[in-house]
A.B. asks: 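Let me give you the structure first, and then I'll get to my questions.
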Amino acid sequence: MVAVSPTLRGDIDALHGLFNRLRESGFQPWAVPTSAGAQQRVDASGLPNVSIGANPGFGAAVTYGLTHVGAWDWALIINDDIELDADALSSVTSSLPSGDDEVMIYLDPVAPKSVPGLASTLGQVSLLSAVAQRLPADAGSAGRRGQFRPFSIVLISHGLWERLGGLDESLPYTFEDADFARRASAVSADVRYPTLTGVHHPASATSRRHVDTVLPVAAWSAMSYLAKWHLPRPIARGACVLALVARLPMTLVAPLDRRSHVRGVLSAVKALATDTAPALPLYDSI
């Protein structure tokens with residue numbers, strides 16, 4: 001069993017503790033640093049890592065890592081800020097089926113939620129999720145799309161990973177987990193939601209710190225997700241632009257730096273209007 005953890009921060013103390021607990025649970029852990037600073041710190045620490053030399057997004061970093069760690073039967077995809085109890089994780093891994101089976105086991109203890117539909121996706125882009133989720137566009141179809149938990153910590157068998165072709169790298173930031181869940185449901189994979197009380201996932205501040213560069217990529221992922229599952233691509237682009245325009249008044253009250261937030265919205269609109277994929281914070285800039 002392997003564990004792959006993309007890391008932008010490269011917090012060595014946190015990674016050391018996490019990797020020790022993963023080893024106690026039977027995993028061989030690997031970091032995938034997605035910033036030059038993180039790569040330097042991880043190299044200096046001696047922690048096992050896969051050097052990608054880029055910040056391509058979560059899905060691409062995970063895929064690169066799993067392609068370069070050798071043979072594996074089960075892969076744990078885990079955020080670098082997860083806090084976990086080794087005994088709790090071992091209680092799950094002690095009874096795993098064959099890695100050839102098509103199985104996914106969500107380990108983040110949050111309640112499962114419906115896979116995003118048209119309205120809820122646009123609601124995330126516009127910050128009007130609470131309103132959008134009440135619209136009829138999602139009503140009646142959520143059951144067909146299925147449920148999911150975040151990919152902050154998830155176990156995936158090699159059989160399912162190969163069957164689905166891994167994560168969709170056209171979704172660089174957000175929606176890659178929902179997309180994988182939809183595809184897993186489509187092939188009738190065995191998806192499990194155990195109650196694992198030994199896991200804690202603190203709220204991430206990365207997207208808040210870099211909202212001006214992260215938001216355009218998140219909006220692009222939303223557009224790509226809609227184009228894949230719901231709308232023709234030109235209509236998906238237009239719908240996301242309108243959602244971003246609706247988001248502008250929300251910058252007055254959102255708990256984010258207002259100037260950075262507005263820059264992020266305008267950059268996202270420009271990327272979608274010109275059909276030019278934006279980039280996450282540059283590898284050498286962090």
A.B. asks: Donor-acceptor pair, Thr251 side chain versus Arg247 backbone, under 3.5 Å?
C.D. replies: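 It does not hold such a pair.
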
A.B. asks: Could you check whether Trp74 and His158 have their ring centres less than 6.0 Å apart?
C.D. replies: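 No; Trp74 has its ring centre 6.0 Å or more from that of His158.
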
A.B. asks: Does either side chain, that of Asp108 or that of Ser152, offer a donor lying less than 3.5 Å from an acceptor on the other one?
C.D. replies: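 The answer is yes; a qualifying pair exists.
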
A.B. asks: Ring pair (Phe, Tyr, Trp, His ring centres under 6.0 Å): which pairs involve residues 86-125, sequence neighbours left out?
C.D. replies: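 Qualifying pairs: Tyr106-Tyr193.
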
A.B. asks: Between Ser260 and Asp257, is there a donor-acceptor pair closer than 3.5 Å when you use the side chain of the first and the backbone of the second?
C.D. replies: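 Side chain of Ser260 to backbone of Asp257, a donor-acceptor pair under 3.5 Å: no, none is there.
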
A.B. asks: Could you walk me through whether Arg9 and Asp80 pass the salt bridge (charged side-chain N to carboxylate O under 4.0 Å, His left out) check?
C.D. replies: CA-CA 8 Å; Arg9 304 178 306 155; Asp80 64 349; 3.6 Å; yes

A.B. asks: Do you see a donor-acceptor pair shorter than 3.5 Å between the side chains of Thr276 and Thr274?
C.D. replies: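 Thr274 and Thr276 do have a side-chain donor-acceptor pair below 3.5 Å.
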
A.B. asks: Testing the 3.5 Å rule here: is there a donor-acceptor pair between the side chains of Ser185 and Arg182?
C.D. replies: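 No donor-acceptor contact under 3.5 Å links the two side chains.
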
A.B. asks: Does Leu84 offer a backbone N or O that forms a donor-acceptor pair with the side chain of Arg21 under 3.5 Å?
C.D. replies: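 Yes, the answer is positive, given that a donor and an acceptor are paired below the 3.5 Å cut-off.
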
A.B. asks: Is Asp190 salt-bridged to Arg192, cutoff N-O under 4.0 Å?
C.D. replies: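 Yes.
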
A.B. asks: Is the backbone N or O of Pro281 less than 3.5 Å from a side-chain atom of Ser285, with the two atoms forming a donor-acceptor pair by type?
C.D. replies: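 Not confirmed, Ser285 side chain does not pair with Pro281 backbone.
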
A.B. asks: Do you see a donor-acceptor pair shorter than 3.5 Å between the side chains of Glu24 and Asn20?
C.D. replies: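 Checked: Glu24/Asn20 side chains show no N/O donor-acceptor pair below 3.5 Å.
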
A.B. asks: Taking Ser90 for the side chain and Ala86 for the main chain, is one N or O donor matched with an acceptor at less than 3.5 Å?
C.D. replies: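 At least one qualifying donor-acceptor pair exists.
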
A.B. asks: Would you tell me whether Asp212 and His261 have side-chain atoms, one donor and one acceptor, within less than 3.5 Å of each other?
C.D. replies: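 The answer is no; no qualifying pair exists.
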
A.B. asks: Does the side-chain contact (heavy atoms from CB on, under 4.5 Å) test come out yes or no for Thr174 and Val217, once each step is laid out?
C.D. replies: CA-CA 9 Å; Thr174 67; Val217 185; over 6 Å; no

A.B. asks: Taking Ser25 for its side chain and Phe27 for its backbone only, find out whether a donor-acceptor pair lies under 3.5 Å.
C.D. replies: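 Flag not set: sc Ser25 to bb Phe27 has no pair under 3.5 Å.
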
A.B. asks: Under 3.5 Å, which donor-acceptor pairs link side chains of residues 231-238 to any protein atom two or more places apart or in another chain?
C.D. replies:
{"from": "Arg233", "atom 1": "NH2", "to": "Asp275", "atom 2": "OD1", "distance (Å)": "2.7"}
{"from": "Arg237", "atom 1": "NE", "to": "Leu272", "atom 2": "O", "distance (Å)": "2.9"}
{"from": "Arg237", "atom 1": "NH2", "to": "Leu272", "atom 2": "O", "distance (Å)": "3.0"}
{"from": "Arg237", "atom 1": "NH2", "to": "Ala273", "atom 2": "O", "distance (Å)": "3.0"}

A.B. asks: Any donor and acceptor pair, going by atom type alone, linking the side chain of Ser267 with main-chain N or O of Gly264 inside 3.5 Å?
C.D. replies: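 Not confirmed, Ser267 side chain does not pair with Gly264 backbone.
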
A.B. asks: Pick from Ile77, Thr195, Ile78, Leu155: which one makes a side chain to side chain contact (heavy atoms under 4.5 Å, CB included) with Leu107?
C.D. replies: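 Filter result, single survivor: Leu155.
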
A.B. asks: Pair Gln39, Ser51 - check side-chain contact (heavy atoms from CB on, under 4.5 Å), show working.
C.D. replies: CA-CA 7 Å; Gln39 185 68 64; Ser51 178; 3.3 Å; yes

A.B. asks: What's the verdict on side-chain contact (heavy atoms from CB on, under 4.5 Å) for Thr7 and Asn49, showing C-alpha distance, side-chain angles and the deciding distance?
C.D. replies: CA-CA 10 Å; Thr7 179; Asn49 70 90; over 6 Å; no

A.B. asks: Which residue pairs pass the salt bridge (Lys or Arg N to Asp or Glu O under 4.0 Å) test with at least one member in residues 166-178, sequence neighbours excluded?
C.D. replies: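 Qualifying pairs, neighbours excluded: Asp168-Lys228.
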
A.B. asks: Can you say whether the rings of Tyr64 and His68 are parallel (under 30°), tilted (30 to 60°) or perpendicular (over 60°)?
C.D. replies: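 The rings of Tyr64 and His68 lie parallel, inter-plane angle below 30°.
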
